[in-house]
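A quick write-up on the structure given underneath.
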Protein chains: 2
Amino acid sequence: MKRRNTQAQTDILNVLKATDRALSHEQLQAELEAKVDRATIYRVLNRFCEDGLVHKVMDDDGKQHFAYCAGCDKPNNKHQHNHFHFKCRKCGTVECLQHKVHIPLPEGYVVTDFNGMISGYCKKCAEEQQ
Amino acid sequence: MKRRNTQAQTDILNVLKATDRALSHEQLQAELEAKVDRATIYRVLNRFCEDGLVHKVMDDDGKQHFAYCAGCDKPNNKHQHNHFHFKCRKCGTVECLQHKVHIPLPEGYVVTDFNGMISGYCKKCAEEQQ
DNA sequence: TTATTATTGCGACTTAGTTGCAATAATAAG
DNA sequence: CTTATTATTGCAACTAAGTCGCAATAATAA
Ligand SMILES: [Mn+2]
Ligand SMILES: [Mn+2]
Ligand SMILES: [Zn+2]
Ligand SMILES: [Zn+2]
């Protein structure tokens, strides 16, 4: 399937490019002044993931967040998402952390995906807390 | 609220104690020959999590898995779940890996939870694959 | 200009997990 | 042992996130 250029796609990609955060569907839709259908947003995001333009992270509430691939590893031309994410329980932001991880696996195991998420309170919210 | 001893609870805990894996609701229910209601299973599991008896991990399909706390860190009497998990895309098992991780966070950030999950194929399934 | 087909919008659907409420039963009190 | 208290359970209804089928739209190729 050859990809086509559409407004919805460029709008969504621009929102993602404009931040270093991983956005939930909800957050993304809020940023899109142009009304784009829910299902379309999900389809576009999944296409971006397939194309390696964006990566998806699952938070511990089971909600997916999408981030533009900027700080991702590219060892010998292979794209890897082995970095951690931090989710603030108060303000809800999910940020990509720089820190890369390599976890030793039992012999014979094959890795296809990595999902690392730490939750807590970001500096701002931790201070406001009390 | 003081806890009471019930059959459902001991059954569920026994299933979890008998394995080193993190079980989904579905997998757990399959192990329970005694019919326990879906909602009850979830409530029991969440109670166990509150009590620090069990920990919950989210897989990248947004499905939660529960494991008995055996290999969890206990620095100065504080219970921590900073280990990784491996989920096999074929057989669906989620295992707790020994490997502990400490991720450096920006100053002022406060951690409350850790969720680390690697997906791929376990040795057995990788070999069968082809 | 027309044909091809990727993409969109809409609604219906699925799946995982939660919640309200009345019934049940574990523990404490008498 | 009997009764009272209330944590726990089962059931059904509900929620929320994400997916899917399908007809309409529109980007690209011919
Ligand atoms: Mn990436
Ligand atoms: Mn633990
Ligand atoms: Zn925050
Ligand atoms: Zn396997």
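Lettering of chains follows the sequences in order, A, B, ..., and the numbering in each one begins at 1.
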query = Between C:dG17 and B:Asn46, is there an OP1 or OP2 to side-chain N/O distance shorter than 4.0 Å?
reply = no
query = Would B:His81 and B:His83 count as having a side-chain donor-acceptor pair, cut-off 3.5 Å?
reply = no
request  = May I ask you to evaluate whether A:Thr6 reaches the phosphate of C:dT8, defined as a side-chain N or O under 4.0 Å from OP1 or OP2?
outcome  = yes
ask   = Taking only side-chain nitrogens and oxygens of B:Gln64, does any of them come within less than 4.0 Å of OP1 or OP2 of C:dA16?
value = no
Candidates D:dT28, C:dT27, C:dA26 - which lies nearest the side chain of A:Asn5 = D:dT28
ask   = Could a donor-acceptor pair under 3.5 angstrom be found where the side chain of B:Arg4 meets the base of D:dT6?
value = yes
inquiry  = Between A:Tyr42 and A:Gln64, is there a side-chain donor-acceptor contact under 3.5 Å, judged purely by atom types and distance?
reply    = no
key: Whole-Å gap separating P (C:dC21) and CG (B:Asp37)   = 17 Å
task = Write down the distance between CG (A:Leu23) and C1' (D:dA17), rounded to a whole number of angstrom.
result = 16 Å
ask   = Can you check the B:His65 NE2 to C:dA16 C1' distance for me, whole Å?
value = 11 Å
query = In terms of side-chain geometry, is the basic nitrogen of B:Asp60 or B:Lys87 positioned less than 4.0 Å from the acidic oxygen of its partner?
reply = no
request  = May I have the distance from B:Asp60 (atom CG) to D:dA17 (atom C1'), rounded to whole angstrom?
outcome  = 16 Å
ask   = Is there a donor and acceptor pair closer than 3.5 Å between the side chain of A:Arg43 and the base of C:dG9?
value = yes
Under-4.0 Å side-chain N/O to phosphate OP1/OP2 contact, B:Tyr42 with C:dT18 = no
message = Between A:Gln9 (side chain only) and A:Arg4 (backbone N and O only), is there a donor and an acceptor less than 3.5 Å apart?
response = yes
ask   = Atom CD of A:Glu50 and atom P of D:dT19: how far apart are they, to the nearest Å?
value = 11 Å
query = For A:Thr40 and C:dG9, is the shortest distance between a side-chain N/O and OP1 or OP2 below 4.0 Å?
reply = yes
key: Spacing between B:Arg3 atom CZ and C:dA25 atom C1', to the nearest angstrom   = 17 Å
note = 5'-most contact on DNA chain C (nearest-nucleotide basis), B:Met58 vs A:Lys35, goes to A:Lys35
query = Hey, is the side chain of B:Lys2 poking within less than 4.0 Å of OP1 or OP2 on C:dA28, counting only N and O atoms?
reply = yes
message = Can you say whether a donor on the side chain of B:Arg38 sits under 3.5 Å from an acceptor on the base of D:dG10, or the other way round?
response = no
query = Going by an N to O cut-off under 4.0 Å, is there a salt bridge joining A:Arg3 and A:Glu50?
reply = yes
key: Value in whole Å for how far the P atom of D:dG18 lies from CG of A:Leu28   = 12 Å
message = Suppose we define a pair by two distances each less than 3.5 Å, Watson-Crick or G-U wobble; what does D:dA30 pair with here?
response = C:dT1
ask   = Rounded to whole angstrom units, what separation is found between the CD1 atom of B:Ile41 and the P atom of C:dT19?
value = 17 Å
C:dA16 phosphate, OP1 or OP2, under 4.0 Å from B:Lys63 side-chain N/O = yes
